[in-house]
Enquirer: 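Mind having a look at this structure? Questions to follow.
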Number of protein chains: 2
Amino acid sequence: MTTIYDVATAAGVSRQTVSNVLNSPEVVRPATRERVLAVINQLGYRPHASARRLRTRTSSTLAIRIAPSGDGISGSILDTLLHSVTVHARTRGLRVLLFSAADPYDEIEQFQDLLAGSDVDAFIITGTTHEDPRLEWLLGRHVPFVSFGRPWGLPAEESQAISWVDVDGYSGIREATRSLLSSGHHEIGFLGWPSPSGTGDERRRGWRDTMTEEAGWTRADVTTLQRATTEGISGAKEAAIGLQQAHPGLDAIVCASDTLALGAILADIDVPVIGFDSTPVSVSLGFPSVAQPIDEVAHAIIEIIVRLVERGDDDPLPPEEFRQRLLLPHLIQHGQAPS
Amino acid sequence: MTTIYDVATAAGVSRQTVSNVLNSPEVVRPATRERVLAVINQLGYRPHASARRLRTRTSSTLAIRIAPSGDGISGSILDTLLHSVTVHARTRGLRVLLFSAADPYDEIEQFQDLLAGSDVDAFIITGTTHEDPRLEWLLGRHVPFVSFGRPWGLPAEESQAISWVDVDGYSGIREATRSLLSSGHHEIGFLGWPSPSGTGDERRRGWRDTMTEEAGWTRADVTTLQRATTEGISGAKEAAIGLQQAHPGLDAIVCASDTLALGAILADIDVPVIGFDSTPVSVSLGFPSVAQPIDEVAHAIIEIIVRLVERGDDDPLPPEEFRQRLLLPHLIQHGQAPS
DNA sequence: AGGCGGAATTTGAACGATCAAATTCCGTTG
DNA sequence: CAACGGAATTTGATCGTTCAAATTCCGCCT
């Protein structure tokens, strides 16, 4: 193994100069820099990351929790995010460490371990809930983190302190509903999750507002055009059938997820169905779905993390517009007709 | 931040004793051990992982490459593996680092970086190909690694040196075919990938041998009962239609993947279809599929890695049966009927 | 030619842990 | 009661890097 000393000796400079070539090239005279770089290449020197971390107390690594196991149909959004995050992280010289945790408290336990060893500079958290203990813990210690998903239902003051990236489900469902309207449909139902659910309620509003503002329905009328059911195929199937029985004129359904959409499709009521998340199921069966721009999400997350990490410990937080990003999803018409 | 010195001072012992309490408890007198542990808890001391790594040159971390982006329908096997690996890794005190690479050479580049910094002790590699440059590189440097998937087509001698965990596709397809036979089907077709393909050919043989050994077909007859097509729905659909036209008596189809199976189902030829991998698509559509025991795979991988890492640098390799595991997949009858 | 001052480079110290060797402790034994 | 010896504990050195301070270099001005 070659160390910084070997390089220094071979290049006829001191170890610190080698260090500077790598970390602050601008302070080294160009001629020297070239010479050192040549030696570095020739010897194949790579800095010892742990030694650097010990000294600098930073790791250039971010951590993200991975849920115990893929739950099946839709769970893959987070997996997709993981891919994109890893790729974008690399372009900024960051690494991604995975960890698993049984529950939020266990997760906090892991935060501690990872931070204590200078293993990790920042976290990406997902699935924040009301009164999430993780938020308080992280904020209290000034640990840089970004949430994928807005932290719903927090007092404005606290929510301001949190960095997040999210996808505007409201707009996504509006776009889906609008596309159905413009292709001549009118009596469009909605299949969603039971309230309260930050994400779910927002998607429902997207549909409701489009129906009332752009299709001439009244608030009262649209209430019977929607059903709520927990994520799952059989429940969705029943709900879709129920919807059609109540509204024989029903001519399309917008859903809060691909799972619900699949249920609606399997109900065989023969109207167009639009899902959410553009999961493998919608891709392969070919029904339209609102796709989250996961790659953009990853990009935004990484940019924010870089900003947060670079910030000195008592510099002020960057302004909100740099730390909170709401991205637009887009309706995708998958090639094939439903079977 | 509390260090080992703080603990030592507070407990009235030397730093080394504290270190021993954590790393070799058996050499510390029980009374002392208790006292030190109490202080550790009280102060919330956590060892600084980077300092330890610098000294010991090990990281308790393994790395796995994550492919650039989820390709859609089937890719999720590796994601599932990632989940399981992370969980099992934790039980053995290991961490999981992700990295991305554009191609095998780029991947080797990353191996170097990660090893140079004592960031990583071992790798999990996937998708090994004939003449894989990674194998040579890793073997040449005695870097511990485990391959998910047998390295196909290597000279026996070299192949012996490699540790791997794989799933016996041959048996899986045999089980699938046999189950169709036992439910009264006889003219069972096979949809697979073009040869040569280690995995694909193996699965095809599973079907062929079952047909000839257990269903009374001749080698010659079965050749027309199978079609090969690249992974994709439309190709599979055509192939399935072609199969039925050639064999009007066709009464079931076994496929090398869920994607192919979905194609066959969408061909509407109304015979039972069995897929492979039990992906979300087969789960949600409810067609049977051969499921890889991914959790067992992850467990086996971690056990092997632990063995390899613990091994001194010139200890002999553990015997093959500890380093090469072929696991059995199982046919899963998903609840629901195809739409 | 001597002195000045900023740029470039080098030197000393430290980050927190573990290894290896040295020392202390303490119960046994002659 | 002193010497012995194994167990328990402490001390000195080191892993590879970067920070901060000290030193050297070198062109330029008077």
Side-chain angles (χ1 to χ4, degrees), chain A residues 1-37 39-40 43-61 93 113-119 121 312-313, chain B residues 1-37 39-40 43-61 93 112-121 312-313:
Chain A
M1 156 152 215
T2 72
T3 74
I4 204 169
Y5 278 90
D6 304 329
V7 175
T9 309
V13 297
S14 71
R15 62 186 197 287
Q16 183 63 38
T17 298
V18 178
S19 172
N20 286 336
V21 166
L22 294 171
N23 300 309
S24 333
E26 70 282 0
V27 309
V28 180
R29 199 161 28 139
T32 315
R33 197 191 307 151
E34 297 308 324
R35 188 154 39 97
V36 171
L37 282 175
V39 174
I40 286 177
L43 298 185
Y45 164 72
R46 316 246 166 172
H48 193 286
S50 294
R52 171 181 284 170
R53 292 210 256 274
L54 172 60
R55 192 65 179 92
T56 64
R57 339 223 84 218
T58 67
S59 64
S60 297
T61 301
D113 271 350
L114 293 170
L115 291 170
S118 286
D119 269 319
D121 290 337
D313 214 19
Chain B
M1 156 149 217
T2 71
T3 75
I4 204 170
Y5 279 89
D6 303 328
V7 175
T9 309
V13 298
S14 72
R15 59 186 198 288
Q16 183 63 39
T17 298
V18 178
S19 171
N20 287 335
V21 166
L22 293 172
N23 301 309
S24 334
E26 71 281 2
V27 310
V28 179
R29 198 156 32 130
T32 315
R33 196 191 306 152
E34 296 307 326
R35 190 153 38 97
V36 171
L37 282 175
V39 174
I40 287 179
L43 297 185
Y45 164 72
R46 317 246 166 170
H48 193 286
S50 295
R52 172 182 293 179
R53 293 211 254 273
L54 173 59
R55 193 64 180 84
T56 63
R57 335 226 89 219
T58 66
S59 63
S60 296
T61 301
Q112 288 192 277
D113 270 351
L114 294 170
L115 291 170
S118 289
D119 270 320
V120 156
D121 290 337
D313 214 18

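Each chain gets a letter, A, B and so on, in the order its sequence line appears, and its residues count up from 1.
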Enquirer: Where along nucleotides 14-20 of chain C does protein come under 4.0 Å, by heavy atom, of base (B) or sugar-phosphate alone (S), with - for untouched nucleotides?
Expert: BBBBBBB

Enquirer: What are the two closest heavy atoms between Arg52(B) and Asn23(B), and how far apart are they?
Expert: NH2-OD1, 3.6 Å

Enquirer: What side chain to side chain donor-acceptor pair (under 3.5 Å) pairs are there with at least one residue in residues 3-12 of chain A, not counting sequence neighbours?
Expert: none

Enquirer: Tell me every residue that passes side chain to side chain donor-acceptor pair (under 3.5 Å) with Thr56(A), counting only those two or more places apart in sequence or in another chain.
Expert: Thr58(A)

Enquirer: Apply side chain to side chain donor-acceptor pair (under 3.5 Å) to Asp119(A) and list each qualifying residue two or more places apart in sequence or on a separate chain.
Expert: Arg53(B), Arg95(B)

Enquirer: Could you pull out all residues at least two apart from Gln112(B) that satisfy side chain to side chain donor-acceptor pair (under 3.5 Å)?
Expert: Arg46(A)

Enquirer: Residues in side chain to side chain contact (heavy atoms under 4.5 Å, CB included) with Ile40(B), at least two apart?
Expert: Val7(B), Val18(B), Leu22(B), Val36(B), Leu37(B), Tyr45(B)

Enquirer: If the condition is side chain to side chain contact (heavy atoms under 4.5 Å, CB included), which residues does Gln16(A) pass it with, not counting sequence neighbours?
Expert: Ser14(A), Ser19(A), Asn20(A)

Enquirer: Which two nucleotides bound the region of DNA chain D that has atoms under 4.0 Å from heavy atoms of chain A, read 5' to 3'?
Expert: dG16(D) to dA20(D)

Enquirer: Not counting sequence neighbours, which residues clear side chain to side chain contact (heavy atoms under 4.5 Å, CB included) with Arg55(A)? List them please.
Expert: none

Enquirer: Quick check: closest heavy atoms across Ser118(A) and Ser59(A), and the distance to 0.1 Å?
Expert: O-CB, 3.1 Å

Enquirer: How far does the helix from dA1(C)-dT30(D) to dG30(C)-dC1(D) bend, going by the axes of its first and last five pairs, to the nearest 10°?
Expert: 60°

Enquirer: Could you note down all residue pairs passing salt bridge (charged side-chain N to carboxylate O under 4.0 Å, His left out) where residues 11-32 of chain A supplies at least one of them, sequence neighbours left out?
Expert: none

